[in-house]
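In what follows, a structure is listed as structure tokens, so that the remarks can point back to it.
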Amino acid sequence: MSALQEIVNDTQPVETTPKKYMALGNTASVVVVLLLCLAPLVAKNFIIFQMTMVLIYAIAVLALNILTGGSGQFSLGQSAFYAVGAYTSAILMENFGVNYALTLPISGAICFICGYLFGLPALRLSGIYLALATFALATAMPQLLKLHYFEHWTGGVQGLVITKPDAPFGLPMSQDMWLYYFVLVVSMAIYVASVNLLKSRSGRAMMAIRDNEIAASAMGVDVARYKTLAFGISAGITGVAGGLGAIAVQFVAPDSYTIQLAIALFLGRVVGGVGWLPGSIVGAAFIVFVPNIAEGFSKGLSGAVFGVILVLIIFLLPHGSRQIAYTVQNWVHKLGRRA
């Protein structure tokens, strides 16, 4: 009920926000940022590309965490918004010659509108029924992109090929390295904005709905407004991730955004820790690297190996990477007290 109490008394300090939504500590944040900045200097282009995809998927997982961990709503349709964002950036770049950086806010705005509009009828649904509705959206999206009515813009089944941008101002770095740093800046900005959102009055209203919808409504929280707002914000952030993914992969096609992508984002959220924003990058790394590791064990049984790894992680870390972070934090505090 802490979130409800903060809605009543908006003058309470920021520290009352639940710790699982807080950013990393100052020292940990500096270390993580330095590692992310220095990693491309010692990695090959393919590894840099994989790291770029980790950051992109981390943005999408973070958006799902805001929706589920923030407002308590369940979604299996994030791949649909990811696809809309990817196609928006691709069409703007290839058909209208818009700069790749300028396509991202447009993709985010369009996906925000789509998510907000989808959230309106979804207000009548909750739990498994909302999951089924979003599952239907994710299943239908690839088929909608193949319709001949949109083929002039989307390229139909063949999709669209995108030109990867070069480093500006003649900077001495490869396309992959420049795109990595560009995605890193965008992902850091979205992460900081998301943390501040959950600390704000709107974020506390969403968490109050998550804790107890009836009690939140009784305390004066506009449940319909904040539920649809959470859907819109989550879809908008996912749209930005989709636009970045299209630029990084240099190609968009309907079959790239099937329900498998939605399930992968869902797994990333679970592995990273439901509702813990810093864990989004851990979940994204799981999406990108673990399938390759499973295939390295056995190409014929890669699916089985992946399943075993997933079961072990869920069994050993039921709260995801958040559990590891809290354990390390407790050890550091104990060592500090002993010192």
* Do Ser234 side-chain atoms and Phe231 backbone N/O form a donor-acceptor pair below 3.5 Å? -> no

* **All side-chain hydrogen bond (donor to acceptor under 3.5 Å, both in side chains) counterparts of Glu94, not counting sequence neighbours** => none

* Asked: How long is the gap from OG on Ser71 to CG on Asp211, to the nearest 0.5 Å?
  -> 11.5 Å

* Asked: So how far is it from Ile233 CD1 to Thr228 OG1, rounded to the nearest 0.5 Å?
  -> 9.5 Å

* Asked: Going from CG on Leu179 to CG on Asp166, what distance comes out if it is rounded to the nearest 0.5 angstrom?
  -> 11.0 Å

* Asked: What about the rings of Phe150 and Tyr87, do their centers lie closer together than 6.0 Å?
  -> no

* Pro40 versus Met177, closest heavy-atom pair with distance -> O-CE, 3.5 Å

* Distance-minimising heavy-atom pair for Gly243 and Leu104 -> C-CD2, 3.9 Å

* State which residues pass side-chain contact (heavy atoms from CB on, under 4.5 Å) with Asn45; sequence neighbours excluded, sorted by chain then number. => Ile48, Ser174, Asp176

* Residues which pass ring pair (Phe, Tyr, Trp, His ring centres under 6.0 Å) with Phe49, listed by chain and number, not counting sequence neighbours -> none

* For Lys227, does its backbone N or O pair with a side-chain atom of Gln73 as donor and acceptor, under 3.5 Å? -> yes

* Could you check whether the rings of Tyr82 and Tyr257 sit parallel, tilted or perpendicular, using 30° and 60° as the cut-offs? => tilted

* Asked: Quick one: side-chain hydrogen bond (donor to acceptor under 3.5 Å, both in side chains) partners of Tyr226, sequence neighbours excluded?
  -> none

* To do: Locate the shortest heavy-atom distance separating Glu295 from Ser302; write the atom from each residue and the value.
  => CA-CB, 3.8 Å

* Asked: Is the backbone of Val84 close enough, under 3.5 Å, to the side chain of Thr88 for a donor and an acceptor to pair up by distance?
  -> yes

* Can you check whether Val252's main-chain N or O pairs, donor with acceptor, with Ser256's side chain at less than 3.5 Å? -> no

* Side chain proximity check, Met188 to Leu184, heavy atoms < 4.5 angstrom -> yes

* To do: Please check if atom CZ in Phe297 has more than 12 non-hydrogen atoms from other residues, nucleotides or ligands closer than 6.0 Å.
  => no

* Which value, rounded to the nearest 0.5 Å, describes the distance between Leu92 atom CG and Ser107 atom OG? -> 6.5 Å

* Hey, could you give me each pair passing salt bridge (charged side-chain N to carboxylate O under 4.0 Å, His left out) that has a residue in residues 243-259? Not counting sequence neighbours. => Lys146-Asp255

* To do: Would you indicate whether Leu41, at its atom CG, is surrounded by more than 12 heavy atoms from other residues, nucleotides or ligands within a distance under 6.0 Å?
  => yes

* To do: Check whether any side-chain heavy atom of Thr134 lies under 4.5 Å from a side-chain heavy atom of Gln78, and answer yes or no.
  => no

* Asked: Is there a side-chain contact between Thr52 and Leu244, using heavy atoms and a 4.5 Å cut-off?
  -> no

* To do: Any chance you could measure Ile287, atom CD1, to Arg269, atom CZ, to the nearest 0.5 Å?
  => 11.5 Å

* More than 12 non-hydrogen atoms from neighbouring residues, nucleotides or ligands closer than 6.0 Å to CD on Gln260, yes or no? -> no

* Please examine the side chains of Thr258 and Ser79, heavy atoms only from C-beta on, and report whether any two atoms are closer than 4.5 Å. => no

* **Trp276 and Asn65, any side-chain heavy atoms less than 4.5 Å apart** => no

* Asked: Mind checking whether Ile281 and Leu55 have side chains closer than 4.5 Å, heavy atoms only?
  -> yes

* To do: Find the distance between CD1 (Ile237) and OG (Ser194) and round it off to the nearest 0.5 Å.
  => 4.0 Å

* Asked: Quick one: ring pair (Phe, Tyr, Trp, His ring centres under 6.0 Å) partners of Phe306, sequence neighbours excluded?
  -> Phe286

* Asked: Mind checking whether Phe135 and Phe74 have ring centres under 6.0 Å apart?
  -> no

